[in-house]
Amino acid sequence: MDRFPFPDDLIHAQQQWHNTYRALAAPRPRHATELRRRLIALSVRIHWHPFWSTPAGRLPAARVELRQRTTADRTQVAA
């Protein structure tokens with residue numbers, strides 16, 4: 001069972017952030033400016049999400065788990 005009840009939109013935004021970051025980290029990415037802007041917009045959406053105002057979201061471990069969970073989901077899909 002998951003320790004934190006993350007909303008679906010927050011999980012989706014974090015997954016999009018990882019995907020955008022990977023695309024930007026590729027050698028000679030196409031549309032780098034658009035990717036940077038998207039990464040910034042997603043970062044803002046994640047940082048200011050209302051979940052972080054809840055008791056569970058106030059714990060620093062919640063941000064770490066969100067990143068780990070979305071990265072783990074990506075790894076499982078690739079495997």
Side-chain angles (χ1 to χ4, degrees):
M1 181 173 176
D2 298 324
R3 185 171 168 195
F4 297 100
F6 296 114
D8 290 337
D9 64 325
L10 181 58
I11 292 172
H12 185 66
Q14 186 68 47
Q15 289 169 336
Q16 289 179 331
W17 188 94
H18 285 296
N19 293 340
T20 305
Y21 187 86
R22 284 185 195 97
L24 189 57
R28 302 179 76 180
R30 301 185 107 213
H31 311 290
T33 302
E34 292 175 26
L35 289 171
R36 282 190 209 101
R37 287 179 182 156
R38 179 156 174 74
L39 195 63
I40 290 169
L42 288 166
S43 295
V44 169
R45 186 183 314 168
I46 292 165
H47 182 78
W48 293 106
H49 194 279
F51 173 76
W52 305 123
S53 299
T54 66
R58 287 190 188 110
L59 299 173
R63 292 185 186 266
V64 173
E65 185 173 324
L66 176 65
R67 281 188 228 110
Q68 289 175 344
R69 189 184 304 175
T70 54
T71 302
D73 290 346
R74 183 72 175 151
T75 305
Q76 291 173 357
V77 171

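Every heavy atom of this structure was used, including side-chain atoms; hydrogens, water molecules and symmetry mates were not. All of these numbers come straight from a predicted model, not from anything done at the bench.
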Write down the atom of [X], the atom of [Y], and the distance for their closest heavy-atom approach.
{"X": "Ala23", "Y": "Pro29", "result": "O-CB, 3.4 Å"}
{"X": "Phe6", "Y": "Ala62", "result": "CZ-O, 3.2 Å"}
{"X": "Leu35", "Y": "Arg30", "result": "CD1-O, 3.6 Å"}
{"X": "Thr70", "Y": "Ile11", "result": "CG2-O, 3.8 Å"}

Discussion item. What verdict does the side-chain contact (heavy atoms from CB on, under 4.5 Å) test give for His49 and Asp9, after you've listed the backbone C-alpha separation in whole Å, the side-chain angles of each residue and the deciding distance to 0.1 Å?
Written reply: CA-CA 9 Å; His49 194 279; Asp9 64 325; 2.9 Å; yes

Practice prompt. For His31, check side chain to side chain contact (heavy atoms under 4.5 Å, CB included) against everything at least two apart and list the hits.
Written response: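 His31 satisfies side chain to side chain contact (heavy atoms under 4.5 Å, CB included) with Glu34 only.
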
Worksheet item: Which residues satisfy the side chain to side chain contact (heavy atoms under 4.5 Å, CB included) test with Arg36, sequence neighbours excluded?
Response: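 Arg36 satisfies side chain to side chain contact (heavy atoms under 4.5 Å, CB included) with Leu24, Ala32, Thr33 once adjacent residues are dropped.
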
Item to complete: Test Ile46 against every option in Gln14, Gln16, Arg67 by the side-chain contact (heavy atoms from CB on, under 4.5 Å) rule and name the one that passes.
Response: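 Exactly one candidate clears the test, Gln14.
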
Item to complete: Give the C-alpha distance, both sets of side-chain angles, the deciding distance and a yes or no for side-chain contact (heavy atoms from CB on, under 4.5 Å) between Val64 and Gln68.
Response: CA-CA 6 Å; Val64 173; Gln68 289 175 344; 3.6 Å; yes

Discussion item. I need the full list of salt bridge (Lys or Arg N to Asp or Glu O under 4.0 Å) pairs touching residues 56-65, with sequence neighbours left out, sorted by first then second residue.
Written reply: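 Counting only pairs at least two positions apart or across chains, the salt bridge (Lys or Arg N to Asp or Glu O under 4.0 Å) contacts touching residues 56-65 are Glu65-Arg69.
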
Discussion item. Pair Phe4, Leu59 - check side-chain contact (heavy atoms from CB on, under 4.5 Å), show working.
Written reply: CA-CA 10 Å; Phe4 297 100; Leu59 299 173; 3.9 Å; yes

Discussion item. With rounding to the nearest 0.5 angstrom, report the CG to OG1 distance, Leu42 to Thr20.
Written reply: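 One finds 5.0 Å between CG of Leu42 and OG1 of Thr20.
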
Item to complete: Quick one: pull up CG in Leu66 and OG1 in Thr71 and give me the separation to the nearest 0.5 Å.
Response: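 So the CG of Leu66 and the OG1 of Thr71 are separated by 8.5 Å.
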
Item to complete: Name the orientation class of the two ring planes belonging to Trp17 and Tyr21 (parallel below 30°, tilted from 30 to 60°, perpendicular beyond 60°).
Response: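 Correct class here is parallel.
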
